[in-house]
There are 2 protein chains.
Amino acid sequence: MFESYTIKDIAKALGLSTSTVSRALNGSYEIGAETKKLVLEYAEKVNYRPNPIALSLKEQKSHSIGVVVCEVANNYFSQAINGIESIAYNRGYHVIITQTHESFDRECTNVKHLLSRHVDGLLVSLSAETTDTSQYQYLHEKGFPIVFFDRVAADVNTHKVIANNFKGSFDAAELLINTGFKKIAHLTSSNNLLITRERFNGFKAALDKHHLDFKPGYLKHCNQGGMIQDEIEFAIKELLSMDEKPEAIFIGSDRLTISCMHILKKLGIKVPDDIAIAGFTNSDVVELFDPPLTVIRQPAFQIGQLATEMLIKTIESKWPVEEFTTEQVETELIARSSSQKPR
Amino acid sequence: MFESYTIKDIAKALGLSTSTVSRALNGSYEIGAETKKLVLEYAEKVNYRPNPIALSLKEQKSHSIGVVVCEVANNYFSQAINGIESIAYNRGYHVIITQTHESFDRECTNVKHLLSRHVDGLLVSLSAETTDTSQYQYLHEKGFPIVFFDRVAADVNTHKVIANNFKGSFDAAELLINTGFKKIAHLTSSNNLLITRERFNGFKAALDKHHLDFKPGYLKHCNQGGMIQDEIEFAIKELLSMDEKPEAIFIGSDRLTISCMHILKKLGIKVPDDIAIAGFTNSDVVELFDPPLTVIRQPAFQIGQLATEMLIKTIESKWPVEEFTTEQVETELIARSSSQKPR
DNA sequence: GTGAAAGCGCTAACAA
DNA sequence: TTGTTAGCGCTTTCAC
C-alpha cells in the first residue's frame, strides 16, 4: 500500500522499457493501442502512483506554494487559509504556511525559507511592521509568481486580492453616525498597512459626509498590530480618559476588535452603555458575545480561493505574465447591539 | 535569489568534483581542510541552498508529514495544528493537512492521497464516523510511522497522545453537582470515538460518587459529530421537552459546545436561568459570551507538539520501533457563570 | 511503435 | 584526500 510501484517495476513485469510505460501512462499518441491498454490495466491493478518527488525534480517544480501571514490563530487568516488549501489541494499543490507574528525580520526569514524550499509561488499578506517591500519587488522582476492578499504591497505591481476596505469602513462609520453617535474614535493597526489607510479613509469619508469633524486624538494606531496586549490597553485607556470621551469606537482589525472586548471587560466598561463598538472581525461567535457585536466581515475564504487561483494560473502560465490585476471583493456589515445607542 | 546554485555550479567554479563539494558541505572528515574552507566560503558567498527535492529523491523520504483531522476551523484543531507546525518547521518537515469533515470515506481518501504524496508519517485524529481502523493497522504493521492524537484508535498499538478526558469530564460534572444541579444531561459526539466514551465515563463516575442516578434519556449522541446543525438542534429540543427537564447540560465536544450556544440563543433559552451549561471547548473568547462559559480546555498546542515529536522520532529512528507509548496530558476546568445556579 | 540513454541535484560506494 | 560512477523515479530526445 505505501511501498509503491515504480515505472520500472511495471516495465519489468510487462517486458517493456520504462519509456514505453511512461508514454502509455501519459497518454502519448505515439504508442500502440495494445501496449497502452496493457500498461494502463496493469498500472490500475497494482495501484500505481507516480512519485511526486521524482516529477518535481524532473520538472524543476516543487508543486508547493508558500504562504506568509501574520498568524494562523486569527479568524480572518484561518478562513483564508481554508480557502487557499481548498484550491491548492484540488490542483495538486502543497501549501506551506509561515507566520510573521507581525515582525518584518520574521517575514524576511520566512520568505528566504520558502524560497530555499523551492516553492513555485508565494501568497503574501504583509506584516504590520513591513515598510520595505524590495524583496518582493526583486522576485517579481525576476518573474517569480507572487500574489498579495489583504495586506498588499502598494508598490509591487503584481496580482492582488483585497476587500473593499473603504466601503466596509464607510458603512460601519455611517451606521454609528446614523445611530446618533457624533464622537467616534478609531482604533486601528499600523499605518504601514495599506488596509489601515484605506479603512481610515472610509471612516473619514463618512464623517465628512455627515459634516462631523475628525478629531486627531480619536485616532489610535497599534503599531505592533495588536500582538502586544499592553499596546491596545494603553490606547483604549487613553481614549477613555480624554476630556471629550468618545461615545463609540470603530475598530480596524480582527485581532484588535476581539482584544478590545477582552480589555473593556477587564476594565469593567459596559458596551454599549459606556461606549459603543463596531469593528472588523471574521469571528463566527460574536453574536454570542455580551453584547452581540456589530461587525464588518470579509469574505476570507473566497479571498483565499481567489488569490490561490490567480497564483496557480501565473505559475502554470506558459508565457511570462505581464498583465496584473487587482481583484476587489465586498465586505458585509452586520449590525448588532454593541453599536446601539444607550438609553 | 531564487535561481539557486547547485553543487555542480560550485564544483565547476572551483575546479572540483561534485562529490568533493558534497563532502565539504556535509562536513565529512575525509576531506582536506583547505578544500573544505574554500567550498564553504564560496557556498556562503553565493548563498547555496541544497535542493530539498533532490535530497528527498535520493533519501527516499519526502520530509513531509500528513495530518488527518475532522476540520481546521475548530478551536481545538487549529491550536493543535499550530503545535504541529511549530515542531515540524524546526525539524525541517512539511505539514500536509487534510480534513475529513467527520466522514469515514473522506478519511480513507485523505490517507490514500497522503500516501501517494509519499509522506514520511501520519498524524491522525479519527472522524466521528470511523469504526474500521484496519487501514492504520495495516500500515502500522508494515512499519509505517503513525501517531494518533485526541481521537485515537483503541485497537492500533502505536504512539498516542490524549488528554485526560475522564478527569476533565469528572471535574466538570462534579462542579455542576456541587453547584446544586441534580438533573444533568450529557450532549456528546458519536459513541464510535473513544474520547466520547471516556468523557461519558468521567461524567458517570461523578454522578456515582454523589449517588445520583444516571438517566439514559439524558444522554444524547450527535453521530455526525455536530457537522449537521439540525442534528444538534433536534437533540437539544428533545432534552428541553422532556417531562423531567434537565437543569444543566454537560457537553462533550468543542463544536457541540459552541453550536449549542447558538441554538439556545436562537430558541430564546436563557443560560443559566433556564438551563446551565458546561462543556469542552478550546475557544479563547468564551469569557466574552453571554453568559461567560464554563469550559474544560485541553492543552491543544502542547498535544500537537507532543504528537509531532513522537512521530518525527519514529520516522528518524534507525531501528524499527517496537515500543509504543500513550502520553496523557491534563485538562483545565474554568468555571464561569454559565454553570451557576439560577436564583 | 519502441528502446536506449541522458539528465534533473544529490549522495555514497568504489577507485585512485 | 579527491574523482568517477551509479542510482533515486521520471520524462524526453534521439535512434532504430
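Here is the naming used below: chain letters follow the sequence lines, and residue numbers restart at 1 for every chain.
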Among C/dC8, D/dC8, D/dT11, find the nucleotide with the atom closest to the side chain of A/Asn26. D/dT11

Taking atom P of D/dC8 as reference, at what distance in whole Å does atom CG of B/Asn51 sit? 18 Å

Has A/Ser22 got a side-chain N or O lying under 4.0 Å from the OP1 or OP2 atom of D/dT11? yes

What's the CD1-C1' distance between B/Ile53 and C/dT11, to the nearest Å? 17 Å

Nearest-nucleotide comparison on DNA chain D, the residue closer to the 5′ end among B/Ala33 and B/Ala54: B/Ala33

Rounding to an integer number of Å, can you tell me how far B/His63 NE2 sits from C/dC10 P? 13 Å

Contact under 4.0 Å: A/Lys36 side-chain N or O vs C/dG1 OP1/OP2: no

Please report, rounded to the nearest Å, how far the P atom of C/dG9 is from the NZ atom of A/Lys61. 16 Å

Enclosure of A/Tyr5 OH (heavy-atom neighbours >12, cutoff 6.0 Å): no

Tell me what A/Tyr48 touches on the nucleic acid: a base, only sugar-phosphate, or nothing, going by heavy atoms under 4.0 Å. sugar-phosphate

What's the spacing between A/Thr158 OG1 and A/Leu139 CG if we round to 0.5 Å? 10.5 Å

Without decimals, in angstroms, what is the distance between A/Ile10 CD1 and D/dT11 P? 11 Å

Decide yes or no, distance alone: a donor-acceptor N/O pair under 3.5 angstrom between the base of D/dT5 and the side-chain of B/Ser19. no

Nucleotide nearest A/Thr20 (side chain, heavy atoms from C-beta), chosen from C/dT11, D/dT11, C/dT2: C/dT2

Return yes if some donor-acceptor pair links the side-chain N/O of A/Thr314 with the main-chain N/O of A/Met310 below 3.5 Å, else return no. yes

So, is B/Thr35 close to the D/dT1 phosphate, meaning a side-chain N or O under 4.0 Å from OP1 or OP2? no

Classify B/Leu57 by what it touches in the nucleic acid, base, sugar-phosphate, or nothing, heavy-atom distance under 4.0 Å. base

Look at the side-chain N and O atoms of A/Gln60 and state whether any lies under 4.0 Å from the OP1 or OP2 oxygen of C/dG7. no

Is there a donor and acceptor pair, one atom on the side chain of A/Arg23 and one on the base of C/dG3, closer than 3.5 Å? yes

Show the numbers, then the answer: is there a ring pair (Phe, Tyr, Trp, His ring centres under 6.0 Å) between B/Tyr136 and B/Phe144? CA-CA 9 Å; B/Tyr136 303 112; B/Phe144 188 77; over 10 Å; no

Does the ring centre of A/Phe324 sit less than 6.0 Å away from the ring centre of A/His140? yes

In this structure, how many angstroms lie between the P atom of C/dG7 and the NZ atom of B/Lys58, rounded? 18 Å

With respect to the phosphate group of C/dC8, does any side-chain polar atom (N or O) of B/Lys8 fall under 4.0 Å of OP1 or OP2? yes

Whole-Å gap separating C1' (D/dG9) and CZ (B/Arg117): 16 Å

Contact between B/Ser62 and A/Ile53 at the side-chain level, heavy atoms closer than 4.5 Å - yes or no? yes

Candidates D/dG9, D/dT11, C/dG3 - which lies nearest the side chain of A/Ile7: D/dT11

Could you state the CG-P distance from B/Asp9 to C/dC10, rounded to the nearest angstrom? 9 Å

